[in-house]
Amino acid sequence: MGTSPNKAARISGAASIHRFYSENAWIEGKAEEQLDAVAAMEGIIAIAAFPDLHPGKYGPVGSAILSDRIYPQLIGNDIGCGMSLYALDLPARKFRLDKAARKLRLLEGVWDGDAGARLASDGLPPDLHPNALGTIGGGNHFCELQVVDTVLDDIGLERGQLMLLVHSGSRSFGTEVFSSVIDHSGGFDPDSETGQAYMEAHRQAVLWASLNRAIIVERAARALHCDFRPVCNAPHNLIEPGPRGLLHRKGAAKADMPIVPLAGSRDALSYLLKPNRHKPEALASLAHGAGRKYDRRSMTGRAGVTRSDRENLSRTSFGGLVICEDRQLLIEEAPQAYKDPAHVVGQLQAARLAEPVAALKPLLTFKKATPEGHQASARKKWNSLGTRRAER
DNA sequence: ATGTTC
């Protein structure tokens, strides 16, 4: 790994923090405190903070942290989590929202493919959490059907093109890796046995998470009877060893690629960004989404209080649908819990970090399905059939 | 975040 080129900053106490947001950004004081706390940790060289910044369990989400020590807690359990975007070979006029919603429900179950073979072909042990492979998970994870709404630059996409954005990670495997590191509070020397063991498990988790997203799109495309092509794959929760040190991205998208997705909330546009490569202080990273405005707990009472509120959370102002048949999750992930992604993009533009090249409108967000939900939708369908019969 | 949590 070598020593840091900025040892003076390290010895003098706190690493430099570059904030890529203005006073107009919604940034909680607790997130700022977490930035300062991380800057004071041993071996931290530099920090970049993005406008989707919000407090996390161990550190600020929405930041890139360059360090000469390994800090597993800055990454947490979902090692390798990220966003993969695909263009679907599905004509928009052939697309039926209600039918697609029914078909995508199969993502809830386990994948029936040959997990062992796919793991092996990616150089991973075939018995590495095979049953979790190809599943979305919970929390802020989702699989969203989108339509290209605006094109600002030629990136091979046209208005009306259907897309699939997959946000998922390393599921139970990443959790196992993180929970197996004991006493990580002081970080690890990259040359130590513990540090090297963690980095090897971490490397596998990053590959696992990327494969997981690839299998999720395969499952979705098969259900929708269409082909697909990858547009970008941007992890935002990982450590990347490099010439300047160990770059920890905690909810900051890897941005040294042509196009980086910035996810909106269920009821807001997502954006495709073209990163500005001439900003080394951004640590080759960008905001990864809108960023939370309110934490999960405080969403109770703030959204989905009445039954009709909750029903409204399953529909979007764009005429889209949200499949989230877990009441608590529906409330925690309500659009109101998130900042405005357009504002986050505006902050990145103002900081000259990136330019938007396309905006994507959500059509169908799949998060969680239950057998009860299936019965409910079947009942609804039956009822509507009855209504139609009655009308005749 | 997590086949969680009794």
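A, B, ... follow the sequence lines: proteins, then strands. Residue 1 opens every chain.
The nearest whole Å value for the distance from the OH atom in A/Tyr58 to the C1' atom in B/dT2 is 12 Å. Distance A/Gln328 CD to B/dT5 P: 17 Å, rounded to the nearest Å. Atom pair A/Glu108:CD and B/dG3:P shows a separation of 12 Å (rounding to whole Å applied). The interatomic distance linking A/Asp326 (CG) with B/dT2 (C1') rounds to 14 Å, in whole Å. In this structure, the CG atom of A/Asn212 is 15 Å from the C1' atom of B/dG3, given to the nearest Å. Per the geometry, CD1 belonging to A/Ile136 stands 16 Å off C1' belonging to B/dT2, to the nearest Å. When the P atom of B/dT2 is taken as reference, atom CD1 of A/Ile75 falls 16 Å away, rounded to whole Å. Counting to the nearest Å, the C1' atom of B/dG3 and the NE2 atom of A/His141 are 16 Å from each other.
The existence of a salt bridge linking A/Asp89 and A/Arg229 is excluded, since no basic side-chain nitrogen approaches an acidic carboxylate oxygen closer than 4.0 Å. One finds a salt bridge joining A/Glu333 and A/Arg292 here, because a Lys/Arg side-chain nitrogen approaches an Asp/Glu carboxylate oxygen to under 4.0 Å. Electrostatic pairing of A/Arg315 and A/Glu311 does not count as a salt bridge here, judged by no charged N lying under 4.0 Å from a carboxylate O. Salt-bridge formation is not detected for the pair A/Lys339/A/Asp52: no Lys NZ or Arg NE/NH1/NH2 atom is positioned less than 4.0 Å from an Asp or Glu carboxylate oxygen.
Within the 4.0 angstrom heavy-atom criterion, only backbone atoms of the sugar-phosphate kind lie near A/Gly138; the bases stay farther away. Residue A/Gly139 is classed as a sugar-phosphate contact, given heavy-atom separations below 4.0 Å to backbone atoms only. Within the nucleic acid shown, A/Asn131 comes within 4.0 Å of at least one base atom, counting heavy atoms only.
There is a side-chain donor-acceptor pair under 3.5 Å between A/Asn233 and A/Ser210.
Residues forming a ring pair (Phe, Tyr, Trp, His ring centres under 6.0 Å) with A/Trp26 (at least two apart in sequence, or on another chain): A/Tyr294. A search for ring pair (Phe, Tyr, Trp, His ring centres under 6.0 Å) contacts involving A/Tyr338 returns nothing, not counting sequence neighbours.
Within residues 172-181 of chain A, the residues having any heavy atom closer than 4.0 Å to DNA chain B are, in order of number, A/Ser172, A/Thr175.
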